[in-house]
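Below you'll find the structure, written out as structure tokens, and then a few comments.
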Amino acid sequence: MTAEENNRSANFIRHIINEDLAQNKNEGHVHTRFPPEPNGYLHVGHAKSICLNFGLASEYKNGLCNLRFDDTNPDKEKVEYIDSIMDDIHWLGFDWGDRLFYASDYFEQLYDYAVHLIKEGKAYVDSLSAEKMREYRGTLKQPGRPSPDRNRSVEENLELFAGMRAGKFADGEYVLRAKIDMASPNINMRDPTIYRIRKTKHHRTGDNWYIYPMYDYTHCISDALEGITHSLCTLEFEDHRPLYDWFLDQLPVPCHPQQIEFARLNLNYTVTSKRKLNELVEVNHVNGWDDPRMPTIVGMRRRGYPPAAIRDFCERIGVTKNETVIDISVLENCVREELDRSTRRVMAVLNPLRVVVTNYPEDHTEMLEAPYHPNQEDLGSREVPFSRVLYIEQNDFMEDPPKKFFRLGPGREVRLRYAYFITCHDVIKDEATGEIIELRCTYDPETRGGNAPDGRKVKGTIHWVSAEYAFNAEVRLYDRLFTVPEPGRQDDWHKALNPDSVVTLTEAALEPGLRETKPEERFQFERIGYFCADRKDSLSGKPVFNRTVTLRDSWVKQKK
RNA sequence: UGGGGUGUAGCCAAGCGGUUAAGGCACGGGGUUUUGAUCCCCGCAUUCCCAGGUUCGAAUCCUGGCACCCCAGCCA
């Protein structure tokens, strides 16, 4: 099955793979890997890489994708990140089966290969300090100079390297370097460091090692040891590719994977650099990595984004080498699309305005049937209680409405969704503040269910809850984190933070059935948006809702 | 003349010498609607960074420019 047959759009990586398959390269196998460093939380940019790597593997016959933690820098890595990363990948809908690996699993093999390089005269132990090494490296336009240690004998190199491993030297005293070309126009080839001394406890290997291998050296070998066929990474590694290939050419590795680079994802109105995300957390602009405003996977999860929507998004944005900034509306559209078909509709009044139906009997309640979805019967229906005192949305009433306002106003008639037509007769205000505190309306008993037997039409339909039966819940309205499209480009990106990225409502009145909402359950609050019960703060019988995304609203545009 | 990349609509993105230059998002217009939602129509690049050239024919090939991004960690 080719990608195109599978109804996905073409991209250059699929073309490469199709070509390889056509030539029976790698015995016709596709084997990718997702190689995160466990030094932070995954974000939407990683989601692109996850979907690409796992997605590619799943769309080709016998394709496989490994999860491999690139854990070669114990100073920055923690087990808690490993756990969160695995959770996130599973939540997104992907699985690595029994192929969970760690670069640290290969430390012994990596060491042996390094010895091999030394024996071949292709690596040497250098005593240059970090500063000196930078000096010797030259600049972008000028070639570097060889280190005085460059021609150390193989025997001496072997002995020193063994000493490094044995912990005989202090951090920074020596490094092992590949012997390539100090005059290369590609700085990565100017004798890159492949091992450094770091007397830090590693989260998996503990105190076994005093030396740790560098990324460029580790990554290509790890790929080869796992039989990876296509090693996908981001653009900034493009000029590391000659080095990736160099190591594999020098060493007796089982195979030679192909590194292919693609552009990382940038989304407007947010930031995705680990440093900036960390800063948002540190200075408490957000409440942790899983704050619903964060573009982290766990943040989007808490916000209510369905995993299927994120996968769809990653498919739609494509894969190229163009550096682009994707409009956040593409993501939001994917979320709406998924939620529209999968979610039950219910009624919730966010900012309640009291309505007394003066001609409705006191102490009377009736149950009205309301389907959960306008065009998906299989989602069923529920009954909602109607009684004399109701709440409607404050902004569904205007004392002096413009002609195009299809909602309630003095003397106007509207439909209460699935209930009755009501007409407003009086507006009660707080004498001191002038604030509207109550509406007096009458209902037409003939319009039960929302249709008038006389065929008369009503312009607007608004949502409502019974004041007597509704319950109060906290609802959080989330909005984009930044007010400008590319905050990362500003000198002071903090100034672009949206002060209204969250508005917490505590007076919302929800239809009674919602009381038993389970954490992470999603609903559409009719005419408002999609909401998800917070997975952390919801209590049994007392859910807290997060707004995932608003409904599209052409009325907002018309008002302008 | 350090090296490596990228330029197709407001934002993405197909396209691989012969197509009316796909599709999505955004935007505009209309229809259906008990959500100003959904859904459904319709519109939206005489032109592919620019300039030359090759060719019967060029977004696709060649030459020369221009713009933007990445690289001088003992980070990944």
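Every value quoted in this text rests on a predicted model; they were computed, and no experiment measured them. Each chain gets a letter, A, B and so on, in the order its sequence line appears, and its residues count up from 1.
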Mind checking [X] for me? I need base, sugar-phosphate or nothing, with any heavy atom below 4.0 Å counting as a touch.
| X | answer |
| --- | --- |
| A:Phe237 | base |
| A:Arg137 | sugar-phosphate |
| A:Asn375 | base |
| A:Gln142 | nothing |
| A:Val458 | nothing |
| A:Ile317 | sugar-phosphate |
| A:Val319 | sugar-phosphate |
| A:Phe69 | nothing |
| A:Leu128 | base |
| A:Asp216 | nothing |

Can you check whether [X] has a side-chain N or O nearer than 4.0 Å to OP1 or OP2 of [N]?
| X | N | result |
| --- | --- | --- |
| A:Thr324 | B:C11 | no |
| A:Asn322 | B:A13 | yes |
| A:Ser554 | B:A37 | yes |
| A:His240 | B:A76 | no |
| A:Thr320 | B:A13 | yes |

Residues two or more places apart in sequence or in another chain: which of them pass ring pair (Phe, Tyr, Trp, His ring centres under 6.0 Å) with [X]?
| X | value |
| --- | --- |
| A:Phe386 | A:Tyr360, A:Tyr420, A:Trp464 |
| A:Tyr217 | A:Tyr195, A:Phe247 |
| A:Phe313 | none |
| A:His219 | A:Tyr215 |

Interatomic distance at [atom1], [N] relative to [M], whole Å:
| N | M | atom1 | result |
| --- | --- | --- | --- |
| B:U19 | B:A13 | P | 25 Å |
| B:G65 | B:U1 | C1' | 14 Å |
| B:G2 | B:G18 | C1' | 42 Å |
| B:G64 | B:U20 | C1' | 33 Å |
| B:A22 | B:C44 | P | 11 Å |
| B:G10 | B:C50 | P | 13 Å |
| B:A72 | B:U55 | C1' | 46 Å |
| B:C11 | B:G7 | C1' | 15 Å |

**OP:** Taking side chain to side chain contact (heavy atoms under 4.5 Å, CB included) as the test, write out the residues that go with A:Ser49, two or more places apart.
**Re:** A:Phe34, A:Asn53, A:Phe262
Subject >> Which residues share a side chain to side chain contact (heavy atoms under 4.5 Å, CB included) with A:Ala470, sequence neighbours left out >> reply: A:Val465, A:Ala509
**OP:** For residues A:Glu261 and A:Glu236, determine if any side-chain heavy atom of one lies less than 4.5 Å from a side-chain heavy atom of the other.
**Re:** no
Subject >> Results of salt bridge (Lys or Arg N to Asp or Glu O under 4.0 Å) for A:Asp444 - residues two or more places apart only >> reply: A:Arg456
Looking only at the side chain of [X] (C-beta and beyond, no hydrogens), which of the listed nucleotides [options] gets closest?
| X | options | result |
| --- | --- | --- |
| A:Lys76 | B:C75, B:U35, B:G2 | B:C75 |
| A:Ile187 | B:A72, B:G3, B:A37 | B:A72 |
| A:Phe406 | B:G36, B:G15, B:A76 | B:G36 |
| A:Asp239 | B:G15, B:A76, B:G4 | B:G4 |
| A:Trp555 | B:C74, B:U35, B:G36 | B:G36 |
| A:Leu551 | B:U38, B:U35, B:G3 | B:U35 |
| A:Ala10 | B:G15, B:G73, B:G36 | B:G15 |

Original post:
Of all of residues 189-205 of chain A, which get a heavy atom below 4.0 angstrom from RNA chain B, listed by number?
Top reply: A:Thr193, A:Arg196, A:Arg198
Atom [atom1] of [X] to atom [atom2] of [N]: distance rounded to whole Å?
| X | N | atom1 | atom2 | value |
| --- | --- | --- | --- | --- |
| A:Arg415 | B:U33 | CZ | P | 11 Å |
| A:Asp71 | B:C75 | CG | C1' | 14 Å |
| A:Arg134 | B:A72 | CZ | P | 11 Å |
| A:Lys457 | B:U33 | NZ | C1' | 11 Å |
| A:Lys321 | B:A13 | NZ | P | 14 Å |

**OP:** Take A:Ala419 and A:Glu77, find for each the nucleotide of RNA chain B with the closest heavy atom, and name the residue whose nucleotide sits nearer the 5' end.
**Re:** A:Ala419
**OP:** Take A:Glu37 and A:Asp553, find for each the nucleotide of RNA chain B with the closest heavy atom, and name the residue whose nucleotide sits nearer the 5' end.
**Re:** A:Asp553
Just the table, please: protein N/O against nucleotides 67-69 of chain B N/O, every pair under 3.5 Å.
unit_1, atom_1, unit_2, atom_2, d
B:C69, O2', A:Glu323, OE1, 2.9
B:C69, O2', A:Glu323, OE2, 2.6

Enumerate the protein-to-nucleotides 24-31 of chain B contacts in which both atoms are nitrogen or oxygen and the separation is below 3.5 Å.
unit_1, atom_1, unit_2, atom_2, d
B:G24, O2', A:Arg316, NH1, 3.3
B:C25, O2', A:Ser329, OG, 2.7
B:A26, OP1, A:Arg552, NH2, 3.3
B:C27, OP1, A:Lys557, NZ, 3.2

Original post:
How are the rings of A:Phe237 and A:His240 set to each other: parallel, tilted or perpendicular (split at 30° and 60°)?
Top reply: perpendicular
Original post:
Can you list every salt bridge (Lys or Arg N to Asp or Glu O under 4.0 Å) pair that touches residues 192-204 of chain A, not counting sequence neighbours?
Top reply: A:Asp75-A:Arg198, A:Asp105-A:Arg204, A:Lys201-A:Asp207
Original post:
What form does the base of B:G73 take, syn (within 90° of 0) or anti?
Top reply: syn
Subject >> For B:U6, the Watson-Crick or wobble counterpart (both distances under 3.5 Å) >> reply: B:A67
**OP:** Would you mind listing every ring pair (Phe, Tyr, Trp, His ring centres under 6.0 Å) that reaches into residues 165-188 of chain A, with sequence neighbours excluded?
**Re:** A:Phe169-A:Tyr174
**OP:** Taking atom NZ of A:Lys459 as the centre, report whether more than 12 heavy atoms of other residues, nucleotides or ligands fall under 6.0 Å from it.
**Re:** no
Original post:
Are A:Glu279 and A:Lys276 within salt-bridge range, i.e. N to O under 4.0 Å?
Top reply: no
